[in-house]
Amino acid sequence: MSALTPGSLRADAAGLRDGLVALRRRLHHEPEVGFELPRTQAAIIQALRPLDLEIRTGERLSSVTAVLRGDRPGPSVLLRADMDGLAIGEETGLEYASRNGAMHACGHDLHVAGLVGAARLLATRRSQIRGSVVLMFQPGEEAGGGAPLMIDEGVLEAAGQRVEAAYGIHVLPGAPGTFSTRPGPLMGGANVLRTRVIGSGGHSSRPHEAVDPVPVLAEIVLALQSYVTRRVSVFDPVVISVTKLAASEVLNVIPERAELGATVRTLSKAASERLATELPALAQGIATAHGCRAETEFEVVYPVTVNDTERAESALNTLTETFGAERVLRLESPVMASEDFSFVLDEVPGAFVFLGATPSHVDPARAEMNHSPRALFDDGVLADQAAALAALALRHVAARG
């Protein structure tokens, strides 16, 4: 069926490019942060309204869920885009740069515009769709927790049946228009470690009359590094980064307590569960040896983002058929950044895909990473992003024969 061929999909997407770029730049100019994104939500609904979709908004967050039904019944598949920006002042110098103290420094403005484009492509192919496509526009990815809220509010069953697969695309620095993913673990799980060492305070000139928690905390920091190198298998890696230390704010005071904060990245649920038990025991053991006590919290923020093997292989094949093998890369190893889409992939099989979006005038090797106030993304990739999302959905719901 010619309307479902890669050539027709890409050609139709190219015709949408100018409108998608305009939408992306509008969103980029007025980013919103967190779970309540009323202007972004309104822009999405306005863009989707002409497509005759079943649209509903969230109750506990300003999400948008839209269902596109084909002309014949069949399975349902989900496509997701995150909507929120970051509380970062923009330093790109773009003419459409944000001026409100927030920034789309992670490319979520491209994600929204790309999914709107996919919706437009799919809406013109209703007669050849057997089933439904659920469009998930999600706030609260950067803060963590937006996806679980949408799952609780029924996004996976929005079409009247549970979706059989879920897909998302995330822009990253890299050659523009290059897609990459892998089966299995794709992105790390994010955990937070907080430890308070409690001793007894005193005057800095008389440390023997106090129980100083500061050197104890320093010993715990070093022990965390040794733990990774001697207790963790290199085949199930863990990254622990201590990023916060706090004690007395007065130089001549030995504080009663000292605190650390760390991020802990894992690539398996088993590793997270083990660390949740062993890291508090490590901290307490060191504290006890020095006459202190330790209070430790280990919080799982994001699970590991795990691509289903079958869905990831299907995604790689679909993208290769649509764009050519030279634009599709099978990643050899995961990355340790984390993603809220992991909650969706914990519930249904699917795949998450990266899309290189460094502007052509910037060397990808020198490009600012996501979350930088100077991060730049090429909105010229939007047409192919839309075509890719539509192609991934059509793999499941296109009528054959």
Side-chain angles (χ1 to χ4, degrees), residues 142-145 148 184-306 333-340 342-343 346 371:
E142 298 293 356
L186 178 71
M187 302 180 71
N191 312 283
V192 173
L193 176 70
R194 299 183 182 89
T195 295
R196 291 170 292 280
V197 177
I198 302 168
S200 60
H203 197 284
S204 63
S205 67
R206 303 178 66 83
H208 58 286
E209 294 179 354
V211 180
D212 190 349
V214 174
V216 180
L217 190 75
E219 188 170 328
I220 291 173
V221 173
L222 296 177
L224 290 172
Q225 311 309 310
S226 297
Y227 176 91
V228 170
T229 61
R230 289 296 176 267
R231 299 292 301 279
V232 175
S233 168
V234 296
F235 300 106
D236 189 13
V238 169
V239 175
I240 300 179
S241 295
V242 178
T243 55
K244 178 181 179 181
L245 295 171
S248 175
E249 296 184 2
V250 182
L251 289 179
N252 64 351
V253 171
I254 293 174
E256 179 179 334
R257 63 179 59 203
E259 303 180 1
L260 71 77
T263 62
V264 182
R265 305 285 175 154
T266 59
L267 285 178
S268 73
K269 184 177 181 180
S272 295
E273 291 175 346
R274 179 182 175 190
L275 268 62
T277 299
E278 293 188 1
L279 294 186
L282 175 70
Q284 184 57 60
I286 294 171
T288 299
H290 293 281
C292 296
R293 64 186 176 90
E295 298 174 348
T296 300
E297 303 165 9
F298 187 92
E299 177 188 358
V300 177
V301 181
Y302 299 97
V304 181
T305 303
V306 181
S333 57
V335 298
M336 279 299 191
S338 303
E339 236 300 331
D340 204 35
S342 56
F343 290 100
D346 262 5
H371 291 214

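Quick caveat, the model's predicted, so the values are computed rather than measured.
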Of all heavy-atom pairs linking P213 and P255, the shortest is CD-O, 3.1 Å
Closest heavy-atom contact between C292 and V216? SG-CG2, 4.1 Å
A side-chain contact here means heavy atoms from C-beta on lying under 4.5 Å apart; do L279 and T296 qualify? no
Set of side-chain hydrogen bond (donor to acceptor under 3.5 Å, both in side chains) partners for S205, sequence neighbours left out: H203
Holding to side-chain hydrogen bond (donor to acceptor under 3.5 Å, both in side chains), I want the full list of residues that pass it with E142, two or more places apart in sequence or in another chain. H108, H371
Residue among T277, V264, V192 satisfying side chain to side chain contact (heavy atoms under 4.5 Å, CB included) with F298: V264
Test of understanding: with salt bridge (charged side-chain N to carboxylate O under 4.0 Å, His left out), list the residues that count as partners of E295, not counting sequence neighbours. R196, R293
Taking the side chain as every heavy atom from C-beta outward, state whether Y227 and E278 have any atom pair closer than 4.5 Å. yes
Compare every heavy atom of S268 with every heavy atom of V304, then report the nearest pair and how far apart it is. CG2-N, 3.5 Å
Tell me the closest heavy-atom pair linking V211 and H290, and the distance in Å. CG1-O, 3.7 Å
Exam field: side chain S241 to backbone T243, donor-acceptor pair closer than 3.5 Å: no
Check step by step if side chain to side chain contact (heavy atoms under 4.5 Å, CB included) holds for R194 and E299. CA-CA 9 Å; R194 299 183 182 89; E299 177 188 358; 3.3 Å; yes
Search all heavy atoms of M187 against all heavy atoms of P334 and return the closest pair with its distance. N-CB, 4.4 Å
Residues in salt bridge (charged side-chain N to carboxylate O under 4.0 Å, His left out) contact with E273, at least two apart in sequence or another chain: none
List the atom of A247, the atom of A258, and the distance in Å for their closest heavy-atom pair. CB-CB, 4.1 Å
Distance check, rounded to the nearest 0.5 Å: L224 atom CG versus T195 atom OG1? 7.0 Å
Could you walk me through whether V250 and N252 pass the side chain to side chain contact (heavy atoms under 4.5 Å, CB included) check? CA-CA 6 Å; V250 182; N252 64 351; 3.1 Å; yes
Qualifying residues under side-chain hydrogen bond (donor to acceptor under 3.5 Å, both in side chains), relative to D346, sequence neighbours excluded: none
From NZ (K244) to OG1 (T263), nearest 0.5 Å: 13.5 Å
With sequence neighbours left out, write down each residue that passes side-chain hydrogen bond (donor to acceptor under 3.5 Å, both in side chains) with R206, or none if nothing qualifies. E209
Any side-chain heavy-atom pair of L275 and L193 under 4.5 Å: no
Compare all side-chain heavy atoms of L251 with those of S204 and state whether any distance is below 4.5 angstrom. no
Between Q284 and T288, does any side-chain donor sit less than 3.5 Å from a side-chain acceptor? yes
When you compare the side chain of R231 with that of V238, does any pair of heavy atoms fall below 4.5 Å? no
So E259 and L217, do their side chains get closer than 4.5 Å, heavy atoms only? no
Out of S272, S338, P303, which one pairs with T266 under the side chain to side chain contact (heavy atoms under 4.5 Å, CB included) rule? S272
